[in-house]
Enquirer: 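Below is the structure I would like to discuss, written out as structure tokens.
By convention in this document, chain letters (A, B, ...) are assigned in the order of the sequence lines, proteins followed by strands, and residues within each chain are numbered from 1. Heavy atoms only: backbone and side chains are in, while hydrogens, waters and symmetry mates are out.
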Protein chains: 2
Amino acid sequence: MESLADYFKVFSEPNRLTVLETLRPGPLNVTAVVEKTGLSQALVSKHLKLLTIAGVVRRRPEGSLVFYEVIDKSVFQLLVQARKLMLASRRQQLDALAAIL
Amino acid sequence: MESLADYFKVFSEPNRLTVLETLRPGPLNVTAVVEKTGLSQALVSKHLKLLTIAGVVRRRPEGSLVFYEVIDKSVFQLLVQARKLMLASRRQQLDALAAIL
DNA sequence: TCACGTCATAACGACAGCGTGATACTACAT
DNA sequence: ATGTAGTATCACGCTGTCGTTATGACGTGA
């Protein structure tokens, strides 16, 4: 996680966001995430690894299972704020369009 | 701007963030941004176009110049919050490392 | 009209990241 | 020991995007 851009990059992938959302309610092991998301196991593992490296998620082996959980739930605040800005931007664009037409 | 991931993608590029930061104090024309950032003119134009499409920035032609300005300055709030989370994540990682060693 | 400064776009090569299929690794049960 | 379920990783093809160079388009002043 060198730059701020790299940090944003973590959340710039739909499937990765899906995985992250899956962990919102609480810790899950890999297979559970696979089932909830419908993504392939290899892909889920990759995204979880990336989220771990990014420090967003914590890895906790438990027997033969590996549980992942969100370290700081305030990341979801970031998602919320981003979504708000996104929607506001859309409105801005529509207004600009209306001004032209 | 389909998904939330796409919105994050807007801020996941170092040079694009640099351009955006340049516009923080106020509107600038393209050449001014080029000079402040040291990036090539073509590249700056591209990033500005993307930021415009994303609804982050507004394009305002004025004579032979084209000024760009940030529409909603609360995007910088997003950047700040992201940076905080990023730094917190780093601390988490160091703590985890220390626990192992 | 011509030249010039400003900005946008096209075409291209380079590279990173995604998703898949196959395979390795690990813990546990039989 | 062997098998099995769960997880990680490798190798690969593919697509998207980044940055550059070159060129096009537009407005302005001589």
Enquirer: May I ask whether Val70(B) and Leu51(B) are part of the same hydrophobic cluster, defined by side-chain heavy atoms of I, L, V, M, F, W, Y residues being less than 4.5 angstrom apart, directly or through others?
Expert: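 Yes, Val70(B) and Leu51(B) fall within the same hydrophobic cluster.
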Enquirer: Just to verify, what does Ala88(B) make a side chain to side chain contact (heavy atoms under 4.5 Å, CB included) with, not counting sequence neighbours?
Expert: Arg91(B)
Enquirer: Got a sec, which pairs hit side chain to side chain donor-acceptor pair (under 3.5 Å) with one end in residues 50-70 of chain B, sequence neighbours left out?
Expert: Arg58(B)-Glu69(B), Arg60(B)-Glu62(B)
Enquirer: Taking only residues two or more places apart in sequence, or in another chain, which ones meet Lys9(B) in a salt bridge (Lys or Arg N to Asp or Glu O under 4.0 Å)?
Expert: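 Partners of Lys9(B) by the salt bridge (Lys or Arg N to Asp or Glu O under 4.0 Å) criterion, ordered by chain and then number, come out as Asp6(B).
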Enquirer: Just report the end-to-end axis angle for the helix from dT1(C)-dA30(D) to dT30(C)-dA1(D), five pairs per end, to 10 degrees.
Expert: 0°
Enquirer: Just the rounded figure in Å: distance from P of dC28(C) to CD of Glu62(A).
Expert: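 Rounding to the nearest Å, CD of Glu62(A) and P of dC28(C) are 11 Å apart.
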Enquirer: Verify the contact: side-chain N or O of His47(A) to OP1 or OP2 of dG19(C), cut-off strictly under 4.0 Å; return yes or no.
Expert: yes
Enquirer: Taking side-chain hydrogen bond (donor to acceptor under 3.5 Å, both in side chains) as the test, write out the residues that go with Thr31(A), two or more places apart.
Expert: none
Enquirer: Please find the earliest and latest nucleotides of DNA chain D, in the 5' to 3' direction, that have an atom within less than 4.0 Å of any heavy atom of chain A.
Expert: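 Contact span on the strand: dG6(D) to dA11(D).
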Enquirer: If the condition is side chain to side chain contact (heavy atoms under 4.5 Å, CB included), which residues does Ala42(B) pass it with, not counting sequence neighbours?
Expert: Ser40(B)
Enquirer: Mapping Ser40(A) and Lys9(A) to their closest nucleotides on DNA chain C, which lands nearer the 5' end?
Expert: Lys9(A)
Enquirer: Checking Ala82(A) now: which residues fulfil side chain to side chain contact (heavy atoms under 4.5 Å, CB included) with it, not counting sequence neighbours?
Expert: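 Once residues adjacent in sequence are excluded, the partners of Ala82(A) under the side chain to side chain contact (heavy atoms under 4.5 Å, CB included) criterion are Leu4(B), Tyr7(B), Phe8(B), Leu78(B).
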Enquirer: Any chance you could pull the hydrophobic cluster mates of Leu65(B), using side-chain heavy atoms under 4.5 angstrom and chaining through other members?
Expert: Phe67(B)
Enquirer: Any side chain to side chain donor-acceptor pair (under 3.5 Å) pairs touching residues 16-27 of chain A, not counting sequence neighbours?
Expert: Arg16(A)-His47(A)
Enquirer: Taking salt bridge (Lys or Arg N to Asp or Glu O under 4.0 Å) as the cut-off, I'd like each qualifying pair that reaches into residues 28-40 of chain B, sequence neighbours left out, listed once.
Expert: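 Qualifying pairs, neighbours excluded: none.
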Enquirer: Taking only nitrogen or oxygen atoms into account, show me every contact under 3.5 Å that the protein makes with nucleotides 7-12 of chain C, one pair per line with its distance.
Expert:
| from | atom 1 | to | atom 2 | distance (Å) |
| --- | --- | --- | --- | --- |
| dC7(C) | OP1 | Asn29(B) | ND2 | 3.3 |
| dC7(C) | OP1 | Val30(B) | N | 3.4 |
| dC7(C) | OP1 | Val66(B) | N | 3.0 |
| dC7(C) | OP2 | Thr31(B) | N | 2.6 |
| dC7(C) | OP2 | Thr31(B) | OG1 | 2.1 |
| dA8(C) | OP1 | Arg59(B) | NH1 | 2.5 |
| dA8(C) | OP1 | Tyr68(B) | OH | 2.6 |
| dA8(C) | OP2 | Ser45(B) | OG | 2.7 |
| dA8(C) | N7 | Gln41(B) | NE2 | 3.0 |
| dA8(C) | N6 | Gln41(B) | OE1 | 3.2 |
| dT9(C) | OP2 | Lys49(B) | NZ | 3.2 |

